[in-house]
Amino acid sequence: QVQLVESGGGLVQAGGSLRLSCAASGHTFSTYGMGWFRQAPGKEREFVAAINRSGGNTYYADSVKGRFTISRDNAKNTVYLQMMSLKPEDTAVYYCAAALRPPNYRSYSYYSGGSEYDYWGQGTQVTVSS
């Protein structure tokens, strides 16, 4: 069982920044692929960003590319999402997720597909005011 706990959400003005953190339990965090997803009211969950086990490969949705940065610290069992130049349309509940058996090759389709993830956090609210 893997527990994921997100933190760092809040209310920010458009153009501002936030950094989300996701702390994972367990001793094998460095073997997980990690992703961030978000869900706005009345909308389906969507992929935001993902990172492979070593942190060497990252993936981003077009809507956040150039503004968000995903990173991980395997020594701290934590994955981060640095969000800059925030827009009102970034308002959503943000979830981190862990994939226990990620591939050994680059695959945007794998990491952007929510069904590939085995565990999900409870989410943290991000609200961007205009």
Side-chain angles (χ1 to χ4, degrees):
Q1 188 80 3
V2 176
Q3 291 186 325
L4 303 173
V5 180
E6 301 98 335
S7 61
L11 173 64
V12 64
Q13 289 188 333
S17 301
L18 282 175
R19 188 176 82 154
L20 305 184
S21 299
C22 173
S25 65
H27 302 291
T28 56
F29 176 76
S30 62
T31 67
Y32 307 158
M34 299 297 297
W36 285 97
F37 290 76
R38 67 187 182 187
Q39 187 166 20
K43 295 187 177 181
E44 293 188 353
R45 182 183 65 196
E46 65 174 357
F47 169 72
V48 176
I51 190 167
N52 74 335
R53 290 175 289 193
S54 68
N57 292 332
T58 56
Y59 309 84
Y60 297 95
D62 287 343
S63 58
V64 306
K65 200 172 294 183
R67 300 188 298 122
F68 291 11
T69 302
I70 189 171
S71 62
R72 67 189 296 160
D73 185 336
N74 286 343
K76 295 183 178 180
N77 280 18
T78 301
V79 63
Y80 304 98
L81 185 67
Q82 178 69 50
M83 306 186 294
M84 302 180 67
S85 302
L86 284 161
K87 305 174 181 179
E89 51 263 44
D90 293 318
T91 295
V93 177
Y94 284 70
Y95 300 91
C96 74
L100 302 192
R101 291 165 293 278
N104 292 320
Y105 49 87
R106 285 191 64 88
S107 175
Y108 181 90
S109 61
Y110 176 91
Y111 282 98
S112 62
S115 62
E116 302 294 349
Y117 292 84
D118 302 285
Y119 293 97
W120 295 79
Q122 292 299 306
T124 185
Q125 176 71 46
V126 171
T127 303
V128 184
S129 63
S130 57

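Heavy-atom basis, side chains included; hydrogens, waters and symmetry copies ignored.
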Nearest-0.5 Å distance that lies between atom CH2 in Trp36 and atom CD in Glu46: 14.5 Å
- request: Decide side-chain contact (heavy atoms from CB on, under 4.5 Å) for Leu100 and Val2; before the verdict, give the C-alpha distance in whole Å, the side-chain angles of both, and the deciding distance to 0.1 Å.
  value: CA-CA 9 Å; Leu100 302 192; Val2 176; 4.3 Å; yes
- line: Output for pair (Glu44 CD, Arg38 CZ), nearest 0.5 Å, gives 14.0 Å
query: Using the ring of each side chain (for Trp, its six-membered ring), is Tyr117 parallel, tilted or perpendicular to Tyr110, with breaks at 30° and 60°?
result: tilted
query: Are any non-hydrogen side-chain atoms of Phe29 and Met34 less than 4.5 angstrom apart?
result: yes
query: Is the gap between the ring centers of Tyr80 and Phe68 under 6.0 Å?
result: no
task: Please check if the distance between the ring centroids of Tyr111 and Tyr59 is under 6.0 Å.
output: yes
field: Over 12 non-hydrogen atoms of neighbours within 6.0 angstrom of CD in Gln125
entry: yes
- request: Please check if the side chain of Arg72 supplies one atom and the backbone of Asn52 the other of a donor-acceptor pair under 3.5 Å.
  value: yes
query: What's the shortest heavy-atom distance between Thr78 and Ser21, and which atoms?
result: CG2-CB, 4.3 Å
- prompt: Only one of Leu20, Ile51, Asn74 clears side-chain contact (heavy atoms from CB on, under 4.5 Å) with Val79; which?
  reply: Ile51
Heavy-atom closest pair, residues Tyr32 and Ala98: CD1-CB, 4.3 Å
- line: dist Leu18:CG -> Tyr94:OH (nearest 0.5 Å) comes out at 9.0 Å
query: Between Asp90 and Lys87, does a salt bridge (Lys or Arg N to Asp or Glu O under 4.0 Å) hold up when you go through it step by step?
result: CA-CA 5 Å; Asp90 293 318; Lys87 305 174 181 179; over 6 Å; no
field: Nearest heavy atoms of Gly33 and Pro102, plus distance in Å
entry: N-CG, 3.5 Å
field: Taking every non-hydrogen atom, the tightest pair across Tyr95 and Gly121
entry: CD2-O, 3.5 Å
query: Looking only at atom types and distance, does a side-chain atom of Glu6 sit under 3.5 Å from a main-chain N or O of Gly123, one as donor and one as acceptor?
result: yes
- prompt: Should Phe37 and Tyr119 be regarded as members of a common hydrophobic cluster, given that ILVMFWY residues are connected when their side-chain heavy atoms come within less than 4.5 Å of each other, either directly or indirectly?
  reply: no
- prompt: Looking only at heavy atoms, what is the nearest atom pair of Ile70 and Tyr60, with distance?
  reply: N-OH, 2.9 Å
message: Walk me through whether Ser17 and Arg67 qualify under side-chain contact (heavy atoms from CB on, under 4.5 Å).
response: CA-CA 9 Å; Ser17 301; Arg67 300 188 298 122; over 6 Å; no
field: Polar side chain donor-acceptor pair, Thr91 to Glu89, under 3.5 angstrom
entry: no
- request: Run the numbers on Arg45 and Val93 for side-chain contact (heavy atoms from CB on, under 4.5 Å), then give the verdict.
  value: CA-CA 9 Å; Arg45 182 183 65 196; Val93 177; over 6 Å; no
message: I'd like to know whether Gln13 forms a side-chain contact (heavy atoms from CB on, under 4.5 Å) with Leu86, so could you lay out the CA-CA distance, the side-chain angles of the two residues, the decisive distance to 0.1 Å, and finally the verdict.
response: CA-CA 8 Å; Gln13 289 188 333; Leu86 284 161; over 6 Å; no
field: Donor-acceptor contact below 3.5 Å, side chain Thr127 vs main chain Leu11
entry: no
- request: Hey, could you give me the CD/OG distance between Gln122 and Ser7, rounded to the nearest 0.5 Å?
  value: 13.5 Å
statement: Scanning both residues in full, the closest heavy-atom pair of Ser107 with Pro103 reads CB-CG, 4.4 Å
task: Would you indicate whether the side-chain heavy atoms of Met83 and Val12 approach each other to under 4.5 Å?
output: no
